[in-house]
Trainee: 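Supplied in structure tokens, the structure appears directly below.
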Amino acid sequence: MTEPGGERAAPAHLVVGFIAKAHGTRGELFVAPLTDHPDAVFAPGQSLLLGDEKGALAGDAPSLVVDSVRPFKRGLLVAFENVAGRDGADALARRYVLVPSEAVPAAAEDEVFYHELLGMRVETVAGEVAGTVREVFETEPHHLLEVVNDEGHKRLVPFAARLVRSIDREGRRIIIDPPEGLLDL
């Protein structure tokens, strides 16, 4: 969603987890956390919102209150209040859980939330406009910014300290110092 002037509007809700499948017969769900702070988000008593299979908040999205949580393999086993048995858990499988954006603490001075990067203009230290951030991919060893220019050409730019010189939140731009040839790919 964009606001007048072409700026991207801040999302009302942020995806914090993916409910992969039911686990066992008591209503537990295997959840893949999609947050850097899973202990805070999936703590007993926390209220989350149920999204659809694409991560959008459904109009009639029920609130899910975490009853219990425990680590399991590469994720969490979460039991929600009012979700009983395998059938109740199966009804929530393959959906996302979200939190209101205002419930997320502000990023520290040296941190940035990836949703903030979407729509930011990417410029080189020499002033060349590379394009606008359309997507952030979490890869190793560095995450990648998908940058699209006015002609629709896509580039993948490493989101690495050696390239990113500054992030101007208010000006909605990222200044990079790319190695020779990176923007020619």
Trainee: Please determine whether residues V15 and V112 belong to a single hydrophobic cluster, defined as Ile, Leu, Val, Met, Phe, Trp and Tyr linked transitively by side-chain heavy-atom distances below 4.5 Å.
Mentor: no
Trainee: Looking at G75 and P33, what are the two nearest heavy atoms and their distance?
Mentor: CA-CD, 3.9 Å
Trainee: Hey, are the side chains of F80 and V66 touching, using non-hydrogen atoms and a 4.5 Å cut-off?
Mentor: yes
Trainee: Do V83 and V97 land in one hydrophobic cluster if side-chain heavy atoms of ILVMFWY residues count as linked below 4.5 Å?
Mentor: yes
Trainee: When rounded to the nearest 0.5 angstrom, what is the spacing between CD in E146 and CZ in R134?
Mentor: 4.0 Å
Trainee: Atom CG of L92 and atom NZ of K21: how far apart are they, to the nearest 0.5 Å?
Mentor: 15.5 Å
Trainee: Is a donor on one side and an acceptor on the other found under 3.5 Å between the side chain of R155 and the backbone of V147?
Mentor: no
Trainee: I'd like to check V31 versus I19 (side-chain heavy atoms, cut-off strictly below 4.5 Å). Are they in contact?
Mentor: yes
Trainee: Testing the basics here: between L29 and A89, what is the closest heavy-atom pair and its distance to 0.1 Å?
Mentor: CD2-O, 3.2 Å
Trainee: Does V122 form a side chain to side chain contact (heavy atoms under 4.5 Å, CB included) with V133? I'd like the steps, not just the answer.
Mentor: CA-CA 7 Å; V122 178; V133 177; 3.6 Å; yes
Trainee: Is it the case that one hydrophobic cluster holds both V164 and L183, taking links as side-chain heavy atoms less than 4.5 Å apart, direct or via other members?
Mentor: yes
Trainee: Quick check for you: to the nearest 0.5 Å, what is the distance between Y96 atom OH and L57 atom CG?
Mentor: 14.5 Å
Trainee: Just wondering, are more than 12 heavy atoms of other shown residues or ligands nearer than 6.0 Å to CZ in R169?
Mentor: yes
Trainee: Counting distance only, does the side-chain N/O of Q46 pair as donor-acceptor with the main-chain N or O of A40 below 3.5 Å?
Mentor: yes
Trainee: Can you tell if the side chain of R94 reaches within under 4.5 Å of the side chain of F18, non-hydrogen atoms only?
Mentor: yes
Trainee: Using ring-ring contact (aromatic ring centres under 6.0 Å, His included) as the criterion, list what pairs up with F42, not counting sequence neighbours.
Mentor: none
Trainee: About how many Å separate CD1 of I174 and CD of E116, when rounded to the nearest 0.5 Å?
Mentor: 10.5 Å
Trainee: Write down the atom of L50, the atom of L98, and the distance for their closest heavy-atom approach.
Mentor: C-CD1, 4.1 Å
Trainee: Would you give the length of the straight line joining atom OG1 of T124 to atom CG of L163, rounded to the nearest 0.5 angstrom?
Mentor: 12.0 Å
Trainee: Please report the shortest heavy-atom distance between V78 and V69, naming the atom on each side.
Mentor: CG2-CG2, 3.8 Å
Trainee: For the residue pair L49 and H13, establish whether any side-chain heavy-atom pair is separated by less than 4.5 Å.
Mentor: yes
Trainee: Within the side chain of R173, is there an N or O that forms a donor-acceptor pair under 3.5 Å with the backbone of E170?
Mentor: no
Trainee: Same cluster for L144 and Y114 if Ile/Leu/Val/Met/Phe/Trp/Tyr side chains link at under 4.5 Å?
Mentor: no
Trainee: Has the side chain of D168 got a donor or acceptor atom that lies under 3.5 Å from a matching backbone atom of R172?
Mentor: no
Trainee: Could you report the tightest heavy-atom contact between S63 and S47, atom names first, then the distance?
Mentor: OG-OG, 2.5 Å
Trainee: Between atom CD1 of I176 and atom CZ of R162, what is the distance when rounded to the nearest 0.5 Å?
Mentor: 11.5 Å
Trainee: For residues 63-92, which residue pairs qualify under salt bridge (Lys or Arg N to Asp or Glu O under 4.0 Å), counting only residues two or more places apart or in two chains?
Mentor: E28-R70, R86-D90
Trainee: Just wondering, more than 12 heavy atoms not from N149 lying within 6.0 Å of its CG?
Mentor: yes
Trainee: Let me check something: do V41 and L14 share a hydrophobic cluster, defined by ILVMFWY side-chain heavy atoms less than 4.5 Å apart, either directly or through other members?
Mentor: yes
Trainee: Give the minimum heavy-atom separation between L182 and P158, together with the two atoms involved.
Mentor: CD2-CD, 4.2 Å
Trainee: Less than 6.0 angstrom separating the ring centers of F137 and H143, yes or no?
Mentor: no
